Amino acid sequence: MKKLLVKSGETKNLLLNSLNTTEVNLKENSELTMVLVLENEFISQKEMIFKLEGKNANLKLLAIIIGKNSEKFPLKITAIHSSPETKSEITIKSVLKDESEINFEGKIIVPKKSVKTVSHLSHNSLPLSENAKTITIPSLEIHENNVKISHSTTIGLINSEHLFYLKSRGINQETAEKILIKAFVLSDLKNFNDKHFANKIRLPNL
Amino acid sequence: MKITKKTKNLIKTSFDNYKFGFKTETKSSYKTPKGLSAEKIKEISKRKSENPWMLDFRLKAFETFTKKPMPTWGPDLTNLDFANIHYYLDPLTKQQKTWDSLPYEISNTFDKLGVIKAEKDFLGGSGAQFESEVIYHNLLKEFQAKGIIFESTDRALKKYPEIFKEYFGKVVPFTDNKFAALNSAAWSGGTFIYVPKNTHVDMPLQAYFRINEESTGQFERTLIIADEGSFVHYIEGCTAPTCSNDSLHAAVVEIIVKKNAKVQYTTIQNWSRNIYNLVTKRAFVYKNGEMIWLDCNLGSKITMKYPAIFLLEEGAKGEVNSLAVAGKGQNIDAGAKIIHAAKNTSSKVISKSISLQGGTATYRGLVKSKKSATGIKNFVSCDALIMDDYSHSNTHPKIDIPGNKAAISHEATVSKINEDQLFYLKSRGINEETAISLIVNGFADNIVKKFPMEYALELSRLLEIETSNIAK
């Protein structure tokens, strides 16, 4: 297992194209913003464990998964808020073509005494073919009440009204779909220090 | 309502002709000795004078029960001792409770609820119980005319063996899980309802009506069949805390909603805090049919209950509304299971849980679809309120959707009482205890208001009582 340490007071911005099972420790007053763009299948389950171990530690993670053919993406992300006053925002966006599959397990753990924890976990999946598959389990284990925790999941279709809007402006079906998929994937980027990442993210040919 | 002497005599004579069901040879109270075995099952079946195919079913289920392992997930069931339970009690000699023999928490709750003396007498087996039999008797006449069957499961097995054989054990087979197997082996009591085509049952049917029969039991088995185009609403349980000498309640509820029919099944569970409540409830819904589970879990030591809806044909709809309050020493593990096995089906799950005084409330759900089930829609919302810093809340929803023709969304929040809301109320002169009750009732409101009015009012009051200890 790889280890990553975000030291006390440190701010780190990371843009990665591959993932190994990693344990990340965030110390007091640290801030980690991570954007993952993953388009190669996982041979086995990949796991990321984030331990927010110091007050005011702040985690922002955006994981973009683009699947094709029969690629499988078994991904497990756990955030343990072991210190009070920590924040995490974890967003997974998966776009699945052909027979690709995502199997996502997300877990937010807030032990007793970790007061004023704020955490949000979301997974939005956009399957593009009838043979794609989404399996997702966003779990919460909360043992402290002075917290604000939420999670959300959507599995959806390309919005037909949005598609119509673009086509009625002379954009063909294929291009319109690509625009909407790109919008789907990058819509939350403004929450992730987009000035830093905006021009550096290379999405594969959708 | 007070019964006149004339009415009492009239009822007494009509009851002399009223058949209670199967007759037992002995009049004394009978209980099987503790533990379960093939021999004891044969004894139970013999006492009930059952059809041999049912005995065969029970024995096969018992074999499955012995082989199946305990669940490896969920609350800790290690203290559940199967060998230390009486599996059968002769229903005609139910133990009567006196007011004074009730544990303090229960009698205290009744006082706080403002239960009138007549209802207190109900616990002693007199007065109101008598009246409910009268209601039931009159209902039966009306139902007979319409072809509606509303019986205890034991009696229905004898009177309508063909319907039984066709549907019994088909929605929840005994191989489903360990507790369904146990229920299938040792079941006794429960409700059987059949509603003929295009018939609407106007008033909610309640197990409460059949007090002298075994409507509640540790292994009750309920089967409801709503034929095409029909409607029925069934309510079980009551808001008043229910005492039981039994430590395990493993019920099974099977519901079949045929084409264009609609069934609502409302449960209010407030078992005393020593009970393991492990229930398997499932509905099969056919074309354009609709199933609504309205589930309220207030009591028990451990509850594991996941009302399930299998949407089997196009246009079928399902809804699960669940409220759970987990207090001191309680672990309520509830949720919903929705299977979309056909096109253009839709489902909705709304779950609200409140944990306090060290209790644990968990939402465990599954939304799954078949690849061929295109055009499906699902929405799940589970919100949890943790009232103090030593209670727990967990959420484990699993969503398994193949294909790209489904619109699925899930959202959940966990938090404490909103301080701004509390401050707002207190600054208007409302004391903290009342303010907390108001906020909790507001939180649970969209579930509570779905209950029939009398239940909604009592539920609201119970929530106030439960959460009143939290105020500093």
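The analysis underlying the following values was restricted to heavy atoms, covering all of them including side chains, and did not include hydrogens, waters or symmetry mates. Every chain is numbered from 1, with letters handed out A, B, ... down the list of sequences. From a predicted model like this one, the values you see are computed outputs, not experimental measurements.
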J.: Tell me which one of A:T175, A:L180, A:N172 satisfies side-chain contact (heavy atoms from CB on, under 4.5 Å) with A:L166.
T.: A:L180
J.: Heavy-atom pairs under 4.5 Å with chain A are the metric here; pick the option from B:I399, B:N394, B:I386 that has the most.
T.: B:I399
J.: For chain A, which candidate among B:H392, B:R364, B:K368 shows the most heavy-atom pairs at distances under 4.5 Å?
T.: B:H392
J.: Check A:S30 against A:V6 and note the closest heavy-atom contact, atom names and distance.
T.: CB-CG1, 3.6 Å
J.: Should A:L75 and A:N103 count as side-chain neighbours, where that means a heavy-atom distance under 4.5 Å?
T.: no
J.: Where on B:K371 is there a heavy atom nearer than 4.5 Å to chain A: the side chain, the backbone, both, or neither?
T.: side chain
J.: Can A:T22 and A:K46 be said to form a side-chain contact (heavy atoms from CB on, under 4.5 Å), step by step?
T.: CA-CA 8 Å; A:T22 310; A:K46 306 263 175 144; over 6 Å; no
J.: Any donor-acceptor pair under 3.5 Å linking the side chain of B:D445 with the backbone of B:V448?
T.: no
J.: Quick one: does B:E314's side chain have a donor or acceptor within less than 3.5 Å of a partner on B:N288's backbone?
T.: no
J.: Distance check, rounded to the nearest 0.5 Å: B:H396 atom NE2 versus A:E105 atom CD?
T.: 11.0 Å
J.: How long is the gap from OG1 on A:T134 to CD1 on A:I155, to the nearest 0.5 Å?
T.: 4.5 Å
J.: Which of residues 320-330 of chain B get closer than 4.5 angstrom to chain A, counting heavy atoms alone?
T.: none
J.: Main chain of A:E161, side chain of A:N159: is a donor-acceptor contact present, judged purely on distance under 3.5 Å?
T.: yes
J.: Begin with the C-alpha distance, continue with both residues' side-chain angles, and end with the deciding distance and a verdict on side-chain contact (heavy atoms from CB on, under 4.5 Å) for B:W293 and B:I309.
T.: CA-CA 9 Å; B:W293 292 104; B:I309 305 180; 3.5 Å; yes
J.: Is any residue of residues 403-417 of chain B within less than 4.5 Å of chain A by heavy atoms, and which ones?
T.: B:G403, B:N404, B:K405, B:A406, B:A407, B:I408, B:S409, B:H410, B:E411, B:A412, B:T413, B:V414, B:S415, B:K416
J.: Specify which of A:N124, A:T154, A:I108, A:T153 makes the most heavy-atom pairs with chain B at under 4.5 Å.
T.: A:T153
J.: Quick one, A:K116 and A:P84 - any side-chain contact, counting heavy atoms below 4.5 Å?
T.: no
